Enquirer: 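Quick one: the structure is below, and I'll ask about it shortly.
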Amino acid sequence: MTSAENLQAFKRDGRIVVVGASLAGLRAAEALRTEGFTGSLTMIGDESGEPYDRPPLSKQVLTGWVPADGTTLPRRRDVDAEWLLGVPAGGLDLATNRVRLTDGREIPFDRVLISTGVRARPWFVESEAALEGVFVVRTREHAEGLQRALSAGPSRVLVIGAGFTGSEIASICRERDIPVTVAELAPAPLVGALGAMIGEVASDLQRAHGVDLRCGVKVTRLEGDAQGRFRRAHFDDGSTIDADVAVVALGGIRNTDWLTGSGLAAGPWGIACDTGCRALTLDGLVTDDVFAAGDVARCPNPVYEYRLISLEHWANAVEQAEIAAHNMVSGQADRWPHLSLPVFWSIQFGVNIKSVGVPTFADEVVVAQGSVADRRFVAAYGYQGRVTAAVSFNNAKWLDHYRQLIETAAPFPPPCPTPDQPADMKPVPVDFPGPQLLAQGATVVVTGHDPGERRVTAAQQHHR
Amino acid sequence: MTTTRTPDTLRRILDYSSRADPYPLYAELRRTPVARQEDGSYVVSTYRALMDLLHDPHLSSDVRNLSRPMEAAESRTTPPFINMDPPEHDRLRRMAMRHFGPPHTPGLVAGMEGDLTATVSGLIDGFAGREEIDIVDDFAYPFPVTVICHLLGVPREDEPRFRVWVNDIVDSIDYDPRTDPKEKLDKGVQARVDLHRYLGGLLEQRHGRPGGEDLLSRLANDDGPDGRMTDEEIVATANLLLIAGHETTVNLITNGMLTLLRHPQVLRRLRDEPDLVVPLVEELLRYEPPVHIIPWRAAYSDITVDGTVIPKGSQIMLMLASGSRDPDRFHDPDRFDPDRRDNQHLGFGSGIHLCFGGPLARLEAQIALTGLVRRLDHPRLAADPPPYRRSPVLRGPIHLNVQQGQGAQ
């Protein structure tokens with residue numbers, strides 16, 4: 001049989017398993033059917049309900065406007081799949097092409113898509129995390145619990161971590177007129193994603209909305225009362241704060257633990273892939289039957305020096321899902337690369353923040369349009385004299401222009417004036433705290449001598 | 001960059017003789033996506049180049065940024081926000097949008113559905129049983145005029161007065177000093193002054209009377225986060241919305257009916273599948289849009305588009321309707337396909353000047369076309385092509401005579 005005939009047979013009655021039944025998994029399943037895949041399709045998910053949308057969980061759900069169970073993802077088409085929900089995958093055996101579930105079931109496949117995403121990073125002390133009133137926000141159950149706690153009228157909410165999720169939750173608290181303290185280890189909110197200049201804007205924004213913002217501090221202990229209810233937080237500067245609710249917003253952990261020992265290049269940094277969403281083995285070889293998409297995937301982007309980048313962005317999940325699905329049912333010559341630029345949005349304190357490109361891939365930033373004082377502006381990011389990203393505050397309609405500048409490696413700072421260019425336009429160092437972009441702790445050991453024997457094994461992986 | 005043939009192509013497009021079918025000429029134009037004209041202005045005609053420009057912050061809508069100032073009819077009155085740049089444009093548009101759409105007034109357009117349906121029914125009742133009707137005069141003109149008058153708070157019975165001014169203003173939009181009599185421009189200037197004075201009079205009555213539902217009342221008494229517009233700004237905004245609120249919709253509805261009569265199988269489908277009207281109106285906005293051309297924009301500084309540098313101060317003409325027929329963006333672009341997917345047409349423009357009234361125009365066209373196809377009895381075109389209005393910018397039939405009834409077949 002030729003490979004074309006193989007492919008036709010696979011599209012007709014092959015077996016595809018999708019591990020991870022959220023946004024990327026669902027969109028991939030739909031795309032597989034649209035691409036003409038008529039074989040068996042199995043969806044494995046650790047949560048029990050229908051796939052749902054997560055961005056509203058830190059926004060409209062927490063205001064009470066949308067119920068937590070009201071964000072079910074719209075279906076683009078019938079996917080005619082077998083849904084194995086409520087049980088997580090526990091292992092992947094690439095020798096026999098099987099996914100093992102934690103309840104012992106084994107699901108065979110011809111091709112598998114891994115879209116297991118990210119879970120919330122829990123508070124580091126388990127007993128403190130278990131206190132009543134301590135929350136993370138990742139699932140609809142989390143959001144529902146927090147929404148209820150906010151509705152009960154807490155005396156104060158403590159948000160630990162001022163990234164996007166933490167900042168959005170603080171914004172909701174202020175909107176609901178709940179006193180809120182935000183504790184952030186970095187010098188300002190959003191600084192890890194957008195740098196010091198925007199961090200300063202975000203600080204002003206939070207304080208102007210009445211947030212008790214404490215930067216450069218670390219929460220060391222969450223204290224409960226005799227009934228096991230959260231009451232007080234201790235900081236590393238010796239101070240304390242009394243609150244009834246603590247939201248731990250310290251980012252996510254990629255769900256790759258179950259792939260330990262699978263032979264894939266998977267770890268806390270995600271699953272390394274090529275631009276076609278094909279997973280790499282630990283040795284760095286491209287697999288042909290294992291694909292990854294969404295928050296868990298880590299793909300090279302040619303615009304950014306081919307560095308491997310993982311993104312926790314909604315649009316990225318959808319686009320990778322479609323690319324992965326297409327490539328799963330296409331021959332080598334027809335495969336598509338995932339080359340679109342990352343886009344991201346957040347709504348907080350009445351400001352619509354949007355970005356295009358990779359702001360962490362930059363050495364300088366400049367306010368190119370609008371006014372920071374009015375909180376309506378576009379900031380362009382540059383790396384060694386070319387535009388690599390842009391972030392807008394209440395000024396998103398210009399971002400398509402910056403996308404084009406990034407795609408064409410246009411010079412930074414943008415040389416030509418615009419009618420709304422600030423008078424004192426001057427690039428400043430972007431100033432990110434700590435290491436950026438590349439995953440840390442990807443430690444491996446190379447063994448063997450002959451070319452046919454050289455192999456990589458994963459060493460102890462360092463969790464930050 | 002070449003200038004071969006294009007100046008001639010543009011001249012032929014603007015010439016009245018090609019009004020019924022400018023599309024083959026647009027195809028000719030697209031061979032040079034960014035074409036320099038003999039007078040130093042530029043004509044842009046491909047989807048990609050148009051999209052890039054519409055999202056380019058170096059493209060100015062302020063006439064003062066043209067190196068060779070144009071004689072424009074706006075010169076003696078405060079410009080509306082459509083002819084301004086950020087941040088002033090953004091501020092005024094935002095202040096107007098507060099009273100028209102989300103997030104502050106989210107239900108306004110959707111809440112008009114009942115009234116629009118009633119207006120459409122009333123107009124159709126008026127010509128039920130007549131063997132021949134003019135879709136323009138009997139329907140597509142009076143309908144949006146009624147709607148925009150109500151929305152703005154302009155008395156409907158004043159329509160004969162402002163119609164004269166609006167006609168003169170619309171005539172002057174595409175004023176070309178090389179070919180047009182100066183009188184055409186002068187009439188436009190005078191009409192703007194008259195219309196401003198008229199709207200200013202209406203505004204006077206609104207001051208100090210909060211609680212009114214119409215836009216003039218809301219603008220006159222509003223104290224939003226950006227403060228209140230000056231009277232001149234309110235009048236300029238009302239002027240813009242009054243003109244744009246019906247001069248474009250009349251074309252959309254009329255072009256829509258014409259297109260349906262040319263595609264009887266689609267017309268039949270629309271009668272049986274009411275939901276089809278939503279994608280159908282989008283396809284109309286692509287296939288036969290009411291606004292074909294943005295006559296001028298200015299290069300605020302040097303702009304690079306599609307490999308061509310347009311120098312600072314240049315006048316740029318944007319051929320929106322050509323972009324929506326670009327085969328590099330739309331599969332089989334000259335086919336009217338209401339099932340078309342991924343239909344990101346340029347019918348409402350794009351970027352910061354995206355049509356302010358788009359949501360209302362959509363709803364008006366959807367209700368109008370649904371009403372017409374349901375209630376007209378075996379409608380047929382009396383003449384194809386119909387006679388067109390002069391303007392190549394706001395392009396549409398001046399009359400669309402339709403015969404109905406079984407007997408005439």
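Computed from a predicted model, the values in this text were never measured in an experiment.
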Enquirer: What part of A:N395 lies closer than 4.5 angstrom to a heavy atom of chain B: side chain, backbone, both or neither?
Expert: side chain
Enquirer: Looking at A:Q60, I'd like to know if its CD atom is crowded, meaning that more than 12 non-hydrogen atoms belonging to other residues, nucleotides or ligands lie closer than 6.0 Å.
Expert: yes
Enquirer: For atom NZ of A:K11, decide whether the heavy atoms of other residues, nucleotides or ligands shown that lie under 6.0 angstrom number more than 12.
Expert: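 More than 12 within 6.0 Å, yes.
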Enquirer: Flag yes if more than 12 heavy atoms outside A:K354 fall under 6.0 Å of its NZ atom; otherwise flag no.
Expert: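 No, because the 6.0 Å sphere around NZ of A:K354 holds 12 heavy atoms or fewer from other groups.
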Enquirer: Which of residues 84-102 of chain B have a heavy atom under 4.5 Å from any heavy atom of chain A?
Expert: B:D85, B:P86, B:P87, B:D90, B:R93, B:R94
Enquirer: A:R403 versus chain B, heavy atoms under 4.5 Å apart: side chain, backbone, both or neither?
Expert: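 Nothing of A:R403, per the 4.5 Å heavy-atom cut-off to chain B.
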Enquirer: What are the two closest heavy atoms between B:P57 and A:P419, and how far apart are they?
Expert: O-CD, 3.2 Å
Enquirer: Between A:D420, A:T408, A:D400, A:T418, which residue shows the highest count of heavy-atom pairs closer than 4.5 Å to chain B?
Expert: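 Maximum pair count with chain B is reached by A:T418.
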Enquirer: Please determine whether the number of non-hydrogen atoms from other residues, nucleotides or ligands lying under 6.0 Å from atom CZ of A:R77 exceeds 12.
Expert: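 Above 12, so yes.
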Enquirer: Just wondering, more than 12 heavy atoms not from B:E273 lying within 6.0 Å of its CD?
Expert: yes
Enquirer: Looking only at heavy atoms, which two atoms of A:C416 and B:H58 are closest? And how far apart?
Expert: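 Scanning both residues completely, I find the closest heavy atoms to be O-NE2, 2.9 Å.
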Enquirer: Contact part of B:L53 toward chain A, heavy-atom cut-off under 4.5 Å: side chain, backbone, both or neither?
Expert: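 Neither part.
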Enquirer: Could you report the tightest heavy-atom contact between B:R48 and A:Q404, atom names first, then the distance?
Expert: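 Taking B:R48 first and A:Q404 second, the nearest heavy atoms are NH2-CG, 3.9 Å.
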Enquirer: How long is the span from the CG atom in B:D56 to the CG atom in A:L405, to the nearest 0.5 Å?
Expert: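 With rounding to 0.5 Å, CG (B:D56) is 8.0 Å from CG (A:L405).
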